[in-house]
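Written out below as structure tokens is the structure these notes cover.
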Amino acid sequence: MTHHVLARQLDALGLGPESPPEAGDTWRRFLEAVSRTYGASGRGELDEGPRESSEDRYQRLVETAPEVILTLSQNGGSITSLNPAFEALTGWSRQEWTGRSLLPLVHPDDLAFAWKRLREVLEGKATPRFELRLRTRSGEHLHAEMVATPELDGDRVAGILGILRDVSDRKRAQEALRAAKETAEAANQAKSEFLANMSHEIRTPLNAIIGLSGLLLEQSLDEELARNLEMIRASGDALLGLINDILDFSKIESGRMMLEEQPFRLREGILGSVELVSAEAAEKGLEVQCEISPRCPEAVVGDVTRIRQILLNLLSNAVKFTDRGEVALAVTTRPVSPERLRLRFSVRDTGVGIPPERMQVIFEPFLQVDASTSRKYGGTGLGLAISTRLVELMGGRIWAESTEGEGSTFHFTVDVGRAAQDEAPKAAPAEHGGRRIDATLAQRVPLRLLVAEDNVVNQKVALSMLERMGYRADLAGDGREVLDALDRQSYDVVLMDIQMPELDGLEAARHIRGKADGPGPWIVAMTAGAMSGDREKCLAAGMDDYLSKPVRLEDLDSALARAAPIATSRR
Ligand code: ADP
């Protein structure tokens, strides 16, 4: 074979003098040898001594190449030549396979594909580079990359010239990477499940702590007792906040945070958050201002709960880190498209401020300005990390400006949809935060109540709360007992725990709804599960309302107020 034929074939392989980087060092060395041999002789630099013929040089290159170089017959079926690298790579001897078909060496699963690619070469289609598995003498399969090009005799395709390279190492590395990724994903999944379970387990006793301390606080107590109880209740609330934050964070990290797209009244949503911090601000003697631009529409479409969560986090930080002066919220808007608006919220305070070098880290999870922050002000350092991710999910960003000792301003933007005129929801009744318990509800609307709960302490919590409203309720320890109780007599409302032995709350609800006689009782789920989708699961099982534990007296009161008119009409 002459020099230019080899050069043409190398070119066709994409392995000309400008060899591609993926050809690797071996190839580069090989090509350098080629160009030294041919280039040097071509330029007449090596004109001393007897010269090898081109044929000999080609032969020597083939013999010494670290890659398998093979030729296949014109019909692509049988091997016409093999170089020694074949023996090194596969363990087979060259004699064993020369003159035989290549195909028995190919892994059965790769056969059809490999054959198709070889046909393409013979038909003069693009030079294929493909992977296939080859059986070695020891019975294993090695991953090889084949570069096949037509062997030309003039213009006629006389066969195939192929180069095979062992890429098992690369394959193994890819495989290891994939396995590592799977392990990491499984670990992440396990972590999320663990968190969900932990959260459930912690919520159950918390329900008792928050519920019972709330009940006791309703009674007139001596001052010290009341203060201590207040602390128990506040610690319970703090613990609950922490669990919710960690759950949120893990949900966001695993990509399971779903945002709502619902119309809501903007002013109400914003003012609701401001109201929640106003008591604490007043206690510290701080003034709270709120300015909502008149250009903000009455209603928009988005996730009001999450927007309020971010706002509340910024507002409570502002109150927490400010000792005197004021906290001011400003909300402005501008259109980003005919359908969407950008809302911008700015929370300014006159507090301790943030040193410039800590400005970025406070947005990272679990990081605070310094280690003394958590001792002095409490908190976990998760609030801003969660807010950052929520804001990003809503197409916005969050940032802050601050002067140490003078105060900080936190800004965030979110994109929301414009609500159609008739989409604006009706003004909601006043939030139940701080609402007094209606002790006369039971007199005005007597209800027959059944509490389904397996945990003895939480049974007591529920019964005591109901008693505070003037209700007496019957008890069921699991779903089966609920069904038995309903067989004996009818109830207006069932307050149903979800995780119970024997028959859980969801199953029990399905059984109740499955019975054809009449609409049955109004069922309120009371669950310690707080993962997204829990509410939907309960409603899908036929329940009417949902309370998440810890259940507060006010929540239960509102739930019964909601239930009363419908439950009594179902009698
Ligand atoms: P947490 O408040 O639970 O510690 P955040 O993520 O909400 O967690 O805040 C992280 C840290 O950023 C806070 O601990 C505090 O050091 C700093 N920080 C946040 N808001 C303010 C503010 N308005 N003024 C001063 N420092 C702030």
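Residue numbers run from 1 in the order of the sequence given. Ligands are counted one by one from 1 in listed order, and the atoms in each one are counted from 1 as well.
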Exercise. Is it true that Glu280 and Lys320 have a side-chain N and a carboxylate O under 4.0 angstrom from each other?
Worked result: no
Problem set entry | Per-atom contacts of ligand 1 with Gly353, taking only distances under 4.0 Å to non-hydrogen atoms | 25 (C)
Problem set entry | Nearest-0.5 Å distance, CG of residue Leu259 to OG1 of residue Thr305 | 10.0 Å
Exercise. Does a side chain donor of either Arg203 or Ser199 reach within less than 3.5 Å of an acceptor in the other side chain?
Worked result: yes
Exercise. Heavy atom of Gly407 under 4.0 Å from ligand 1?
Worked result: no
Seminar exercise, completed: Heavy-atom proximity to atom 26 (N) of ligand 1, picking from Ile354, Val327, Thr350, points to Ile354
Exercise. What do we get for Asn313 next to ligand 1 when only non-hydrogen atoms under 4.0 Å count, side chain, backbone, both or neither?
Worked result: side chain
Problem set entry | Euclidean distance, Leu447 CG relative to Arg472 CZ, rounded to 0.5 Å | 15.0 Å
Exercise. Roughly how far apart are Glu291 CD and Thr332 OG1, rounded to 0.5 Å?
Worked result: 10.0 Å
Problem set entry | Structural part of Phe410 in contact with ligand 1, heavy atom criterion under 4.0 angstrom | side chain
Exercise. Does Leu384 reach ligand 1 with a nitrogen or oxygen that is under 3.5 Å from one of the ligand's nitrogen or oxygen atoms?
Worked result: yes
Exercise. So among Leu341, Ile307, Val300, which one has a side chain to side chain contact (heavy atoms under 4.5 Å, CB included) with Leu266?
Worked result: Val300
For this session: Determine whether any heavy atom of Lys320 lies closer than 4.0 Å to an atom of ligand 1.
Result: yes
Exercise. Under 3.5 Å, is there a donor-acceptor pair linking the side chains of His143 and Ser168?
Worked result: no
Seminar exercise, completed: Short version for Asp349: what comes under 4.0 Å of ligand 1, heavy atoms counted, is side chain
Seminar exercise, completed: So the atoms of ligand 1 within less than 4.0 Å of a heavy atom of Leu382 turn out to be 6 (O), 8 (O)
Exercise. Is Gly351 near ligand 1, meaning one of its heavy atoms is under 4.0 Å from it?
Worked result: no
